[in-house]
Amino acid sequence: MPTKSQMLFDNARRLMPGGVNSPVRAFRSVGADPIFMASGKGASMTDVDAKSYIDYVLSWGPLILGHAHPEVVEALTRATETGTSFGACTPREVEMAERIVEAYPSIERVRLVNSGTEATLSALRVARAATGRDKILKFEGCYHGHGDSLLVKAGSGVATLGLPDSPGVPQALAQLTITVPFNDLTALEETFRVHRNELAAVIVEPVVGNMGCVVPRLGFLQKLRTLTQEQGTVLIFDEVMTGFRVAYGGAQQLYKIDPDMTTLGKVIGGGLPVGAYGGKARLMDLVAPAGPVYQAGTLSGNPLAVAAGLKTLEILRRPGIYERLNSLTEKLTNGLAAEAARQGVGLTVNRVGSMFTAFLTPDAVTDYASAKKADTSAYGLFFRFLLEMGIYFPPSQYEAAFMSTAHSEGDVAATIQSASLAFAGLRP
Ligand SMILES: *Cc1c(COP(=O)(O)O)cnc(C)c1O
């Protein structure tokens, strides 16, 4: 008897490319068929065959409070009853802007959009307009959404599927995107020397999530700030994943860097589609109608998305939230590392706050090349074993895992115990 998930996937494959609306959901790199979800509550979700999972994907990061947080649901319900969209100004958008500007001192003005992809594309357009330059620099294995200029040596699903750079991106455009290994200060300095005063922007995930979690080396982000400042290049921190995640004020608060522009998404939508880009007033005032750089959106600042996001941020400001979340995540990652060591399995765990990746390699993972040394077929086994045990890890070695405030000590203990059994099965 096929499961309901299998039957749905058979049908989906006929109707949608690869049967999915976003590539990594297809579970291809972990050698499994996708599971269809029916509901979620707190730290867990339940599939259409009534099997439950402790969720460490959390919709790829947005659900920092877990699934269907009662206060978020209430805020959403109330917002729904008063109209789902106006395409006109609403008070809550101003409140959201206020919350973002308060939390991110580098952001003086902000524009809400509908996805992280839109946010990074728009930020790039502003940077190019402000500098009158076309070239941009990004880092290998970083993912900034699926915009043409940014699908060059990209992470996330592109890394998961081992795709070369995407067909359909005009060569003329891709040539303007220069890539450098993350954490490589020498390559960075060399690139700034070769392309002296030619770079419109550097865009970076200050803590990378999209080749798995990779931590910036001491001084790397600072060097980036210095070089961009010297050459009038716009420094864009893509905090779509890290914003309100690694700290309320994002990676820029954690590492004390003042970028020119910042992109946000994920957590600020509380599980609904949202993105935002913002930065120094001199840059953001180039955006229409204040300035000539065009960017617009039918549903931008959507009342439901903003209501869910505002409530999420309100809860995140309560005392002790990040302390508990981070220490529980640390407990989990320490436990995973200890069990792997006990079983003689080479594992490298990278973590910042409540985002982490367990790489199946004994060697340090500091960039895309070292991330690619992970044993992805062992990761597939690890993933499938945990899935069977009711634990949902990212269906790719190259995606970060997350914890939510809804996870409990019991969830962590159960996860470590199951992981230990999984590691036993991987023992060389
Ligand atoms: C998820 C992500 C994006 C893209 O956001 P979408 O909402 O999926 O378009 C961009 N940048 C980073 C760092 C991300 O993690």
Side-chain angles (χ1 to χ4, degrees), residues 20-25 57-64 104 111-125 127 136 138-160 166 177 179 182 201-216 221 235-246 250-252 254-255 259 261-278 295 297 299-302 305-306 308-309 312 350 352-357 368 371 394-396 398-402:
V20 293
N21 282 315
S22 196
V24 185
R25 293 181 200 172
V57 178
L58 299 166
S59 190
W60 306 101
L63 302 181
I64 194 167
Y104 292 73
R111 166 70 55 90
L112 297 181
V113 292
N114 302 291
S115 69
T117 296
E118 271 186 64
T120 56
L121 282 182
S122 308
L124 273 192
R125 186 176 301 140
I136 60 159
K138 77 175 280 290
F139 295 91
E140 291 171 11
C142 282
Y143 178 71
H144 306 289
H146 61 86
D148 283 349
S149 284
L150 293 164
L151 272 187
V152 179
K153 300 216 173 132
S156 189
V158 186
T160 300
S166 179
T177 303
T179 59
F182 189 74
V202 172
I203 185 165
V204 64
E205 291 183 71
V207 174
V208 189
N210 286 295
M211 51 177 132
C213 181
V214 173
V215 184
L221 296 173
L235 177 59
I236 305 171
F237 265 24
D238 182 357
E239 299 229 42
V240 168
M241 187 183 291
T242 53
F244 297 95
R245 165 59 71 178
V246 296
Q252 54 195 272
L254 215 54
Y255 296 98
M261 297 188 81
T262 299
T263 52
L264 295 166
K266 298 195 168 112
V267 171
I268 63 163
L272 275 81
V274 169
Y277 67 103
Q295 184 275 311
L299 293 173
S300 291
N302 175 261
V306 173
T312 299
N350 288 349
V352 176
S354 56
M355 68 186 261
F356 66 97
T357 297
Y368 194 34
S396 163
Y398 302 116
E399 297 283 356
F402 304 95

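Numbering of ligands and ligand atoms starts at 1, following listing order.
Within the 3.5 Å criterion, the main-chain N or O of Tyr398 finds a donor-acceptor partner in the side chain of Ser396.
Residues satisfying the side chain to side chain contact (heavy atoms under 4.5 Å, CB included) criterion with Ala251, sequence neighbours excluded, are Pro206, Val207, Glu239, Thr242, Val246, Tyr255. Remark: Ile203 engages Thr120, Lys138, His144, Leu150, Ile236, Asp238 in a side chain to side chain contact (heavy atoms under 4.5 Å, CB included) (not counting sequence neighbours). Under the side chain to side chain contact (heavy atoms under 4.5 Å, CB included) criterion, Ser149 pairs with Leu124, Arg128, Ile136, Leu173, Thr177, sequence neighbours left out.
A donor and an acceptor atom, one from each side chain of Gln295 and Arg111, are located under 3.5 Å apart.
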Mind listing the N or O contacts between ligand 1 and protein, cut-off under 3.5 Å?
from: ligand 1; atom 1: 5 (O); to: Gly116; atom 2: N; distance (Å): 3.4
from: ligand 1; atom 1: 7 (O); to: Gly116; atom 2: N; distance (Å): 2.8
from: ligand 1; atom 1: 9 (O); to: Gly116; atom 2: N; distance (Å): 3.4
from: ligand 1; atom 1: 9 (O); to: Thr117; atom 2: N; distance (Å): 2.8
from: ligand 1; atom 1: 9 (O); to: Thr117; atom 2: OG1; distance (Å): 2.6
from: ligand 1; atom 1: 11 (N); to: Tyr143; atom 2: O; distance (Å): 3.4
from: ligand 1; atom 1: 11 (N); to: Asp238; atom 2: OD1; distance (Å): 3.4
from: ligand 1; atom 1: 11 (N); to: Asp238; atom 2: OD2; distance (Å): 2.7
from: ligand 1; atom 1: 15 (O); to: Asn210; atom 2: ND2; distance (Å): 3.1
from: ligand 1; atom 1: 15 (O); to: Lys266; atom 2: NZ; distance (Å): 2.6

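Taking the side chain as every heavy atom from C-beta outward, Phe244 and Tyr104 approach each other to under 4.5 Å.
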